[in-house]
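See structure below.
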2 protein chains.
Amino acid sequence: MAVSTISSRLDGAALEAWRGYLQSHAGIVRELDADLIAHHGLTVRDYEVLLYLAQADERQLPMSALSERTMLTRSGITRLVDGLVDQGMIERVSCERDARVSYARLTAAGYGKLRDAGRTHVAGIERLFLSHFTATELEQLAQLLGRLPGATGGVQCTAGDEAPTAAPNGDCTVD
Amino acid sequence: MAVSTISSRLDGAALEAWRGYLQSHAGIVRELDADLIAHHGLTVRDYEVLLYLAQADERQLPMSALSERTMLTRSGITRLVDGLVDQGMIERVSCERDARVSYARLTAAGYGKLRDAGRTHVAGIERLFLSHFTATELEQLAQLLGRLPGATGGVQCTAGDEAPTAAPNGDCTVD
DNA sequence: GATGTTCTGTTGACCTGTCAACTACAATGG
DNA sequence: CCATTGTAGTTGACAGGTCAACAGAACATC
C-alpha cells in the first residue's frame, strides 16, 4: 500500500512535508477557533470580518469587499454580517453615491470586542505556531510558503481586487 | 493598524510565515477539492475516507475509527458514509463479535473509483505544492512542520487510537 | 432618453457538518 | 445475576455555508 506507482515524488520527505502541512493546519485552526469561541463567542470568520473593518477607512467596507477578502460568497457574507449586526458589532450603512452598495460599519462595541479577542487570538498563534520556531526558521518558512499559490497576491482573485494592502488572513490585531 | 502592541513576535517574518501558511492552505485545498469534484464527483473528505478504508485490513473500518481519523464527529461520519453507501462505494457490515459496531467496507467499485481519483489528486498535490520546492526544501519543510501540534502523533487524539501506522491525511494513493 | 447589460445585495432551497438526545449493546462490580 | 456505567451508531434540530434566481440601481450605447 501507499503512495508509489503514480506519484513520482510523493514519498519520503515529500509525503512528510505534505502531511505535516495538512495535519498541523487542521489542528491549529481548530484550536484557535475553539479558543476564540470559548473566550469571546466569536468565530474566526467573525474575527476576520471585524478586523478587516477595523483596518478600513472609516471602519467600514462594502459587502462585496468583505466577500472578496474573506473568500466567502456574497450571500455568505450577507448572512455572516446579519449575525454580527444582531450582536451589535456591526451596523449597515447605505452608500450615498451608489444606492446599490451597503456598507458594513464597525460599531464601538464591535471595535472593543475585536481588541479583546485579539489578545486571545494572537496568544493562540504564538502558542500553537510561532513558539515552535526560531526567528531564522520563521524566515525560512515565510520564504518557502510564500511561493505557494494563494500566498502573497494569489491566484484566485476572481474580480477586481482593490486592496493590494490587505492582509487576507494573517494580520491579526488592531492598532 | 496592524499587529504591534500585543504581539511580541507577530511581525515581519513571523507574520509572513503565518500568513503564507494560512493563505496557501486555503488556496491549495480549495483547488484540490474543485479538481476532485469536477473529475470524479468526490469530495476530498470522501476521498480521504475511501483511502483509509483501502489501507485498512479487509478494506473495512468501524465507524468510530473513521471518525477519529477524519476528525469528524461520529454523526458526521454516519452521514458521510450514508452518502458513499448510496453511491455504491461503501457497504455497511455488522461486526460479529460486538453488535454495537458496524464496519464501513470498501466495495470493488469504491476501490476502482479511489484509484482513478488518486491520479487526479496526486497530480494536484504535485502541481500545487511539491513542484514549488526542491528535495532539500521539502526535507526542511517536513522537519519544521512536523513540530506543530496535530502533526505526527498530535495533540487532539481524544480516545484510544489503535492505528499508529495511519496516514491521517497525507498518504495519497493506494497500492 | 429608451434599452440592454452589468453590478450589488438579498433570498429560497439545499448541503454538510455539529450538538444533544436516544437506542442498543458491552463490560464491570457487588 | 442484576445494576451501573461506558461505548457505538443513528437521529432530530440547527448553524453555517453554497448556488441559483432575483430586484434594484448604475452604466453604455445608440
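Residue numbers begin at 1 in each chain, while the letters A, B, ... track the order of the sequences. Keep in mind that the numbers below use all heavy atoms, side chains included, and drop hydrogens, waters and symmetry copies.
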Quiz item: Can you check the B:Met63 CE to C:dT23 P distance for me, whole Å?
Solution: 20 Å
Practice problem: Indicate, with a heavy-atom threshold strictly under 4.0 Å, whether A:Thr78 touches base, sugar-phosphate, or nothing. | Solution: base
Quiz item: Among D:dG17, D:dT11, C:dG9, which nucleotide sits nearest the side chain of A:Leu80?
Solution: D:dG17
Quiz item: When the distance from CG of A:Leu61 to P of C:dT8 is rounded to whole Å, what number comes out?
Solution: 14 Å
Quiz item: Whole-Å distance between D:dC19 C1' and A:Arg74 CZ?
Solution: 11 Å
Quiz item: Whole Å only: how far is the CZ atom of B:Arg97 from the P atom of C:dA27?
Solution: 10 Å
Exercise. Considering just the side-chain nitrogens and oxygens of B:Ser75, establish if one lies under 4.0 Å of OP1 or OP2 belonging to D:dT11.
Key: no
Exercise. Look at the side-chain N and O atoms of A:Thr73 and state whether any lies under 4.0 Å from the OP1 or OP2 oxygen of D:dC19.
Key: no
Self-check item: Under 4.0 angstrom between A:Arg92 side-chain N/O and C:dT8 OP1 or OP2
Solution: no
Self-check item: From C:dT11, C:dG17, D:dA25, nucleotide with atom closest to A:Asp98 side chain
Solution: D:dA25
Self-check item: B:Asp35 with B:Arg127: basic N within carboxylate O range, under 4.0 Å
Solution: yes
Quiz item: Does the D:dG12 base have a donor-acceptor partner in the side chain of B:Arg79 within less than 3.5 Å?
Solution: yes
Quiz item: Rounded to the Å, how far apart are A:Asp33 CG and C:dT18 C1'?
Solution: 13 Å
Quiz item: What is the distance, rounded to the nearest whole Å, between atom CG of A:Leu66 and atom C1' of C:dT8?
Solution: 13 Å
Quiz item: Could A:Asp82 and A:Arg92 be called an ion pair, given the rule that one side-chain N must be under 4.0 Å from one carboxylate O?
Solution: yes
Quiz item: Between B:Asp116, B:Asp46, B:Thr120, which is the residue that forms a side chain to side chain donor-acceptor pair (under 3.5 Å) with B:His40?
Solution: B:Thr120
Quiz item: Looking only at side-chain N and O atoms, does A:Arg45 come under 4.0 Å of OP1 or OP2 in D:dG17?
Solution: yes
Practice problem: Please determine which of B:Gln140, B:Gln143, B:Arg147 meets the side chain to side chain donor-acceptor pair (under 3.5 Å) test together with A:Glu137. | Solution: B:Arg147
Quiz item: Of the candidate nucleotides D:dT10, D:dT18, C:dT8, which contains the atom at the shortest distance from the side chain of A:Ser64?
Solution: C:dT8
Quiz item: At under 4.0 Å between heavy atoms, what does B:Ile77 touch on the DNA or RNA strands: base, sugar-phosphate, or nothing?
Solution: nothing
Quiz item: Whole-Å distance between C:dG17 C1' and B:Asp46 CG?
Solution: 13 Å
Quiz prompt | Integer-rounded Å distance: D:dA8 P and B:Glu68 CD | solution = 8 Å
Exercise. Please report the C-alpha distance between A:Ile90 and A:Tyr103 in whole Å, then the side-chain angles of each, then the deciding distance to 0.1 Å, and finally whether the side-chain contact (heavy atoms from CB on, under 4.5 Å) criterion is met.
Key: CA-CA 10 Å; A:Ile90 285 183; A:Tyr103 289 101; over 6 Å; no
Exercise. Select one nucleotide: of D:dT10, D:dG6, D:dT11, the one nearest the side-chain heavy atoms of B:Arg100.
Key: D:dG6
